[in-house]
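Below, chains carry the letters A, B, ... as their sequence lines are ordered, and counting in each starts from 1. Computed over heavy atoms, backbone and side chain alike; hydrogens, waters and symmetry mates excluded.
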Amino acid sequence: MAKTIAEINQKIREGKAVVVTAEEVIGLVAAKGEEETAAEVDVVTTGTFGPMCSSGAVINLGHAKPRIKIHSARLNKVPVFCGLAAVDIYIGATECTVNDPLNEVFPGDFRYGGGHVIEDLVAGRTVKLEADAYGTDCYPSRRWDREFTLEEVPDAFLFNPRNAYQNYNCAVNLSDRIIYTYMGVLRPKLGNANYCSAGQLSPLLKDPYFRTIGIGTRIFLGGGIGYVAWNGTQHNPGVPRADNGVPLGGSGTLSVVGDLKGMNPRYLAGASFVGYGATLAVGIGIPIPVLNVDILRSAAVPDEELFAPIVDYSTDYPEVTGKTLGRVSYADLKSGSIEIDGKQVRTGSLSSYPRAVEIAETLKKWIKEGDFAIAKPVNLLPCPARDALEGDE
Amino acid sequence: MVCRKVVLHFPRESVDKPIVSRLVRDFRMEVNILKASIDPDEAGLMVVELTGEAEDFEQGLAYLETTGITIQPLSQDIRRNDERCSSCGACVSICPTEALSVERSTMEVLFQDDLCVACELCVRACPLHAMEIRY
Ligand code: SF4
Ligand code: SF4
């Protein structure tokens, strides 16, 4: 009953495609079995919304009169990278404002940073540019102060080098002092446990071997449309996997790109972590075309069968010892408390499950309405485990 | 008579001092403990309603300060900006009361105003700055 992407797209165009979310497909498989569900369902939609540090935007500011070749610049006092061309800049999500006290009075608040500038732009708010230059014969200006909105610049696109981590740690603190991390505030002696994944809705957990998600895959990005550009930095699909094929720790990642002008601040929001820094919360949704029963089976793995490693962020994480304190399922993490060393520990999440549902539902609606076709990847992403499986067949 | 709700932040050294009994005995105050979370390994936190004669009240607070306790008035109101809140849940294990909790069937984060003691811990812990102090 294998299907092709072309066949699925034909059904999408005719408004006949059967599209369900990665949460809904779990119930379908339980009720009808894998074969029947794989025959019936055309696309499974996934979603995730959480802080994703390696994010940023490329902006072309348009040319000043007289021209300027920008050497250094700030947007709302946040320094941007100018080493590209005269008026092309890159703003990184974790960059802090020039006068931010950082962690001088520990823990710092990091109330505003690059992620917040990106949100301000997407929300249509005015952003203030201060640019300096050394002046050349062809670009004589030395200073440019300008207020602008996203509408007013020629080009702006989000280009995130590493997003959508396939699985992630559950962070705890074994020390006897409170610690402030990118995994949130961790109270001493296993005072709480924070995780950061949508679990059964998370895009890369539902296509663990990267069978359908590859370069060129069209995705929901920040409320607009984006594409997978490449594997993300630190893409590491070689980590140990469970019997169901799902990596047991942080593994694959994606680099994504999309037009900032079509995005929505509900799905692209500046975020701050006390004592750590500023970042950007990014919403991503990826459609998985059900080409065969293997793809369906992976897309239907429930929270009970997805596991995160528990890692101590007071020593093991910073010291890179590689040690973990065991594994916990996303079902247990979502129950509100887990047991570690005989102690009940309250859990908290950094990734929003309700918003992940919203993203998967939005993507489902776009596909059902025929607005969003499935893109066939130009190339698959590196994944030795997939290559080994396919070699067996 | 003066009656006020305050948050007492205890440094580690003061956690075992018998401050409540001294407030009652030496300053004739009525102490109603609304919430206490004292972890011997970190600073403790206690939300109390103090009632007493104006003069005793002032002296009682002055006494508390000599013990190294920081007193934070509980006059502000904490509100959640529902538009901004993503229901991530980063605040839930930080909140000392059940004011922030998760509806497990949908994973929506609920904010129950009446259970909030305005300790402000969530204000800094919320990555999206959805918890706001209203003065
Ligand atoms: S941490 Fe902030 S955004 Fe997350 S649930 Fe709490 S209030 Fe909402
Ligand atoms: S201020 Fe925040 S953390 Fe403190 S009780 Fe209220 S909701 Fe909970």
Side-chain angles (χ1 to χ4, degrees), chain A residues 49-51 107-112 115-116 119 173 175-178 180 182-189 191-196 198-199 201 265-267 269-276 278-281 283 333-337 345-358, chain B residues 9-13 15-16 35-46 70 78 80-112 115 119-133:
Chain A
F49 179 78
D109 271 326
F110 303 94
R111 284 202 73 83
Y112 195 87
H116 299 88
E119 178 189 331
N173 173 11
S175 77
D176 56 12
R177 67 176 187 96
I178 193 162
Y180 300 89
Y182 71 87
M183 290 296 285
V185 181
L186 298 173
R187 297 171 56 218
K189 296 207 167 158
N192 59 338
N194 279 353
Y195 63 100
C196 188
L201 268 179
R266 184 167 176 81
Y267 306 107
S272 310
F273 285 90
V274 184
Y276 174 75
T279 185
L280 185 69
L333 286 166
K334 287 179 188 167
S335 76
S337 80
V345 183
R346 281 175 85 186
T347 59
S349 171
L350 303 175
S351 168
S352 166
Y353 193 76
R355 201 147 299 174
V357 172
E358 205 178 291
Chain B
H9 295 272
F10 294 69
R12 198 188 284 206
E13 323 70 81
V15 166
D16 52 2
K35 173 75 203 174
S37 76
I38 299 171
D39 186 325
D41 300 304
E42 61 175 314
L45 172 147
M46 197 189 260
T70 325
I78 301 288
R80 182 170 72 174
N81 178 339
D82 289 335
E83 266 298 295
R84 188 101 197 132
C85 172
S86 74
S87 268
C88 65
C91 53
V92 175
S93 59
I94 295 301
C95 177
T97 76
E98 298 284 306
L100 288 159
S101 61
V102 178
E103 166 57 50
R104 294 287 155 193
S105 60
T106 58
M107 296 303 287
E108 288 286 344
V109 173
L110 310 176
F111 174 51
Q112 281 162 282
L115 298 178
C119 68
E120 298 178 19
L121 289 177
C122 58
V123 175
R124 297 184 84 197
C126 171
L128 297 181
H129 302 145
M131 300 304 292
E132 298 169 350
I133 306 171

Undergrad: With a 4.5 Å limit on heavy-atom distance, are the side chains of Pro188(A) and Arg177(A) in contact?
TA: no
Undergrad: Answer yes or no: is there a side-chain heavy-atom contact under 4.5 Å between Met107(B) and Ser87(B)?
TA: no
Undergrad: Can you tell which of Ala278(A), Ser272(A), Ser337(A), Gly184(A) has the highest number of heavy-atom pairs within less than 4.5 Å of chain B?
TA: Ser272(A)
Undergrad: Indicate yes or no: at least one non-hydrogen side-chain atom of Tyr267(A) is less than 4.5 angstrom from one of Arg355(A).
TA: yes
Undergrad: Mind checking ring pair (Phe, Tyr, Trp, His ring centres under 6.0 Å) for Phe273(A) and listing every partner two or more places apart, or none if nothing turns up?
TA: none
Undergrad: Between Arg266(A) and chain B, with a heavy-atom cut-off of 4.5 Å, which part of the residue counts as in contact: side chain, backbone, both or neither?
TA: side chain
Undergrad: Quick check on Pro265(A) against chain B: is it the side chain, the backbone, both or neither that has a heavy atom closer than 4.5 Å?
TA: neither
Undergrad: Considering only heavy atoms, which portion of Asp109(A) lies under 4.5 Å from any heavy atom of chain B: side chain, backbone, both, or neither?
TA: both
Undergrad: Heavy-atom pairs under 4.5 Å with chain B: which of Ser335(A), Gly348(A), Ala269(A) has the most?
TA: Ser335(A)
Undergrad: Between Glu132(B) and Arg84(B), is there a salt bridge with N-O shorter than 4.0 Å?
TA: no
Undergrad: Return the set of residues passing side-chain hydrogen bond (donor to acceptor under 3.5 Å, both in side chains) with Tyr182(A) (not counting sequence neighbours), or none when no residue passes.
TA: Tyr168(A), Tyr313(A), Tyr317(A)
Undergrad: Do any of residues 98-106 of chain B come closer than 4.5 Å to chain A, heavy atom to heavy atom, and if so which ones, in number order?
TA: Glu98(B), Arg104(B), Thr106(B)
Undergrad: So which of Ala356(A), Ala271(A), Gly115(A) has the largest heavy-atom pair count under 4.5 angstrom toward chain B?
TA: Ala271(A)
Undergrad: For Ile78(B) versus Ile133(B), what's the shortest heavy-atom pair and its separation?
TA: CD1-CG1, 4.0 Å
Undergrad: Taking only residues two or more places apart in sequence, or in another chain, which ones meet Ser349(A) in a side-chain contact (heavy atoms from CB on, under 4.5 Å)?
TA: Tyr195(A), Ser351(A)
